[in-house]
Amino acid sequence: MIARASQLFLPTLRNAPAEAEAANHKLLVRGGFIRQVSAGIWSFTPLGWLVHRKIEQIIREELAAIGAQEWFAPVLTPVELWQATGRDKIPVIIHVTDGQGREFVLPMTHEETFTFHARELQSYRQLPQAWYHFQTKMRDEPRPKGGLIRLREFVMKDSYSFDRDADGLDASFERHRGAYKRIFERMGIEAYDVEAESGIMGGSASFDFLAPAESGENTLITCENGDFAADIEVARTVPRPPELPARLDALEEVETPGAATIDDLARFLSIDATATSKAMPVVKDDGTLVLGLLRGDDRLEEMKMVDALGSGYRPATEDEIRAAFGADPGSLGPVGYDGEVVADEALREGQFVAGANRTGWHLRGVEAGRDFQPRFADLRQSKEGDTCPHCGGALRFETAIEVGHIFKLETKYSAQLGATFVDEDDAERPLVMGSYGIGLARVMASAVEQHHDEHGIVWPEAIAPYDVHVVSLSGAEDIAQRAAVRMDERGYSVLLDDRDSRPGEKFADADLIGAPVRVTAGKKSLDDGAVDVRDRATGAERRVPVEEI
RNA sequence: CGGGACGUGGCGCAGCCUGGUAGCGCACUCGCUUUGGGAGCGAGGGGUCGCCAGUUCGAAUCUGGCCGUCCCGACCA
């Protein structure tokens with residue numbers, strides 16, 4: 001089909017709105033793909049919806065290829081279904097009440113609804129099943145941001161797999177993981193599947209798909225040799241080896257007046273920060289005080305601490321610290337402390353300087369196992385300078401957008417909602433479930449973040465709103481028309497800019513809108529009976545006779 | 001929820017400090033000229049200055065409250 005720009009709503013802008021900061025935000029608004037209605041709430045214009053639908057169709061095709069079946073499940077969901085799983089209490093869930101006082105939830109994902117339907121699965125003979133739909137999701141985001149990156153309302157593709165056992169789930173999970181890789185590859189989006197936190201979804205394992213992008217909210221770590229990729233929250237990378245002074249046979253007290261920070265301490269003792277340790281007393285949800293211990297140059301990764309403690313926590317107050325250690329913060333250490341000590345793996349080998357639990361004093365030569373008995377855990381946050389745990393290669397740290405997340409839910413939802421089946425041995429068992437999401441708007445944002453230049457968007461072919469953008473300049477309308485028809489007949493989607501405006505304006509809009517190929521018909525090419533075909537990505541242009549395009 | 005910034009026509013901005021009847025660029029309408037990277041001339045249209053109160057003869061401008069949007073943090077399938 002040939003779309004005529006003169007008849008379309010194509011609201012391109014010369015300037016981005018002042019509040020736009022992220023590349024996807026600026027360019028999608030300027031290019032006329034999206035318009036904001038409220039914070040985190042956007043309309044897709046006809047142009048933007050073309051892209052959204054292309055993304056949707058690629059996802060649909062790849063899910064069909066693994067045998068998943070498309071549904072359409074409602075947004076309005078009786079609250080009782082969510083009370084059964086306890087998720088009605090999640091703060092970001094939006095609740096509504098109808099005119100008769102009935103309560104509903106506007107879901108952020110559809111585990112409850114699909115598990116409700118899965119009650120109709122009766123026998124292992126019907127398994128496995130994989131169901132999905134595209135539906136609007138709602139989240140009461142406290143802080144929407146970054147254009148399409150963090151939204152209060154957005155379309156998600158969410159799938160749910162139902163298996164009879166863990167092996168079945170593993171297979172379903174891997175099928176989805178493979179489909180996701182193909183989806184992002186087809187869309188021209190660089191994305192990595194990395195281990196992730198399961199958060200409030202629960203379940204036994206989960207993987208994020210992270211697309212490197214400047215305005216992303218996650219930090220992705222990748223190895224230069226391509227054998228490692230992880231989210232910083234769970235990454236276990238190799239820290240720089242410590243520079244330790246000569247070993248001591250026994251502890252040695254040293255006065256360190258006024259040395260309250262690791263920097264002070266290292267300078268005062270003329271040692272490297274890697275030869276020190278850092279004490280982080282925290283209080284668990286149950287009120288227990290635990291001493292976290294890190295190497296001096298490391299920072300605590302809070303998600304890891306939660307995992308290590310098996311509980312939420314908060315930093316201890318100064319009063320609690322004095323009561324437990326008898327010293328001020330800044331002179332705390334594990335030696336002589338009678339509570340639990342959780343030490344980072346980096347402190348397993350070697351001797352470090354630690355606080356002496358006596359204000360203004362430290363201990364040299366502190367050695368785990370000899371001077372204190374810690375439980376070891378991975379607590380440190382990966383940082384620049386760490387090396388790859390597989391090959392020792394250099395690591396790259398970059399921000400990334402979470403475009404997909406896949407979970408092994410096991411039987412969490414099926415057990416709570418009574419979705420059971422009868423197995424081969426006549427036993428009734430809960431379905432073993434997985435759930436798999438992709439945020440379409442985030443995919444669109446990622447594509448723009450990864451593919452743009454100073455002039456506008458450079459859409460990957462598979463999700464471009466149009467395949468070809470024909471610029472019709474005055475005097476060459478006929479040849480432009482012929483070129484458009486020819487492209488159309490060859491199966492390309494064509495945007496024909498037949499508006500009565502100046503060449504510069506048309507070129508600027510073509511760059512902004514970002515179709516992969518631009519075809520210009522104007523006086524220059526007219527004499528040759530030709531058009532100029534330009535590649536949006538490279539800018540390479542060549543003159544081609546109309547009959548040959 | 002804490003910190004910061006901003007709110008003046010569709011978009012970008014000035015005016016506010018020092019109160020006096022709202023302006024610029026782009027866009028829009030009409031006419032003429034122009035046409036390979038955001039044209040020129042002429043004539044026009046469009047704004048409760050976020051909202052509410054207060055001070056004042058008079059408020060876009062000063063004061064108070066509220067709302068909205070963006071950024072940082074908290075939070076985050």
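Chain A is the first sequence line, chain B the second, and so forth, proteins listed ahead of strands; every chain is numbered from 1. Given the structure is predicted, the values throughout are model-derived calculations rather than measurements.
- Searching all strands for a Watson-Crick or G-U wobble partner of B:G46 with both distances below 3.5 Å returns nothing.
- A:Glu111 is not listed as a side-chain neighbour of A:Thr85, based on a closest heavy-atom distance of 4.5 Å or more.
- Annotation: salt bridge (Lys or Arg N to Asp or Glu O under 4.0 Å) contacts of A:Arg150 (sequence neighbours excluded): A:Glu141, A:Glu217.
- Among residues two or more places apart in sequence or in another chain, the salt bridge (Lys or Arg N to Asp or Glu O under 4.0 Å) test is passed with A:Glu547 by A:Arg482.
- At a threshold of 4.0 angstrom between heavy atoms, the contacts of A:Phe154 include nucleobase atoms, whether or not backbone atoms are also involved.
- Within 4.0 Å of A:Gly146, counting heavy atoms only, lie sugar-phosphate atoms of the nucleic acid but no base atom.
- With a cut-off of 3.5 Å on both Watson-Crick or G-U wobble distances, the partner of B:C70 is given as B:G4.
- Distance CZ (A:Arg152) to P (B:C70): 10 Å, rounded to an integer number of Å.
- Only the C1' atoms considered, B:C16 is 11 Å distant from B:C49, to the nearest whole Å.
- The ring pair (Phe, Tyr, Trp, His ring centres under 6.0 Å) pairs that include a residue from residues 9-34 of chain A are A:His25-A:Trp42, A:Phe33-A:Trp459, where partners are two or more places apart or lie in different chains.
- Near RNA chain B, meaning a heavy atom under 4.0 Å from it, residues 36-43 of chain A has A:Gln36, A:Ser38, A:Ala39 in order of number.
- Salt bridge status for A:Asp140 with A:Arg152: present, with a side-chain N to carboxylate O gap under 4.0 Å.
- Partner assigned to B:A27 is none, using Watson-Crick or G-U wobble distances below 3.5 angstrom.
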Distances under 3.5 Å between nitrogen or oxygen atoms of protein and nucleotides 73-75 of chain B:
residue : atom : partner  : partner atom : Å
B:G73   : N7   : A:Arg143 : NH1          : 3.1

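- Under the Watson-Crick or G-U wobble criterion, with both distances below 3.5 Å, B:U21 is left unpaired in every strand shown.
- Remark: the A:Arg87 side chain and the A:Thr109 side chain contain an N/O donor-acceptor pair separated by less than 3.5 Å.
- Rounded to whole Å, the P atom of B:C51 lies 25 Å from the corresponding atom of B:G4.
- For the side-chain hydrogen bond (donor to acceptor under 3.5 Å, both in side chains) with A:Tyr132, the lone residue among A:Gln69, A:Glu70, A:His176 that qualifies is A:Glu70.
- Spacing between B:G12 and B:G50 at atom P, rounded to whole Å, works out to 14 Å.
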Show which side-chain atoms of residues 464-476 of chain A pair as donor or acceptor with protein atoms under 3.5 Å away, not counting sequence neighbours.
residue  : atom : partner  : partner atom : Å
A:Asp467 : OD2  : A:Ser493 : N            : 2.8
A:Asp467 : OD2  : A:Ser493 : OG           : 3.3

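- Using N1 to N3 plus N6-O4 or O6-N4 for Watson-Crick, or N1-O2 and O6-N3 for G-U wobble, each under 3.5 Å, B:A60 pairs with nothing.
- For A:Asp298, the salt bridge (Lys or Arg N to Asp or Glu O under 4.0 Å) partners two or more places apart in sequence, or in a different chain, are A:Arg380, A:Lys383.
- The nearest heavy atom of RNA chain B to A:Glu19 and to A:Met303 marks one nucleotide each, and the one closer to the 5' end goes with A:Glu19.
- In this structure, A:His25 and A:Met156 both approach RNA chain B, and ranking their closest nucleotides by distance from the 5' end singles out A:His25.
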B/S/- along nucleotides 34-45 of chain B (protein heavy atoms under 4.0 Å) is BBBBBB------
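- The nearest whole Å value for the distance from the CG atom in A:Leu10 to the P atom in B:A27 is 17 Å.
- One interatomic measurement links the two molecules: CD of A:Glu153 to C1' of B:C76, which rounds to 18 Å at whole-angstrom precision.
- Applying the side-chain hydrogen bond (donor to acceptor under 3.5 Å, both in side chains) criterion to A:Arg314, with sequence neighbours excluded, gives A:Glu320.
- Rounded to whole Å, the separation between the C1' atoms of B:G7 and B:A14 comes to 15 Å.
- Here, B:C24 and B:G42 have their P atoms 14 Å apart, quoted to the whole Å.
- The partner of B:G37, taking Watson-Crick or G-U wobble pairs whose two distances both stay under 3.5 Å, does not exist in any strand shown.
- Residues satisfying the side-chain hydrogen bond (donor to acceptor under 3.5 Å, both in side chains) test with A:Asp208, not counting sequence neighbours, are A:His405.
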Side chain to side chain contact (heavy atoms under 4.5 Å, CB included) between A:Leu496 and A:Gln481, worked out:
CA-CA 8 Å; A:Leu496 174 60; A:Gln481 168 75 18; 3.7 Å; yes
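- In this structure B:C75 sits in no base pair that meets the Watson-Crick or G-U test at under 3.5 Å.
- Across B:G47 and B:C28, the matching C1' atoms stand 15 Å from one another, rounded to whole Å.
- At a threshold of 4.0 angstrom between heavy atoms, the contacts of A:Ala20 with the nucleic acid are absent.
- Residues satisfying the ring pair (Phe, Tyr, Trp, His ring centres under 6.0 Å) test with A:Phe44, not counting sequence neighbours, are A:Trp49, A:His52.
- Atom CD in A:Glu21 sits roughly 15 Å away from atom P in B:C6 (whole-Å rounding).
- When the P atom is used for both B:U34 and B:C70, the distance is 47 Å, rounded to whole Å.
- Comparing B:G9 with B:G38, their P atoms are spaced 28 Å from each other, to the whole Å.
- The pairing partner recorded for B:C51 is B:G65, the criterion being a Watson-Crick or G-U wobble arrangement whose two distances lie under 3.5 angstrom.
- Listed by chain and residue number, nothing satisfies the salt bridge (Lys or Arg N to Asp or Glu O under 4.0 Å) test with A:Lys26 (two or more places apart in sequence, or in another chain).
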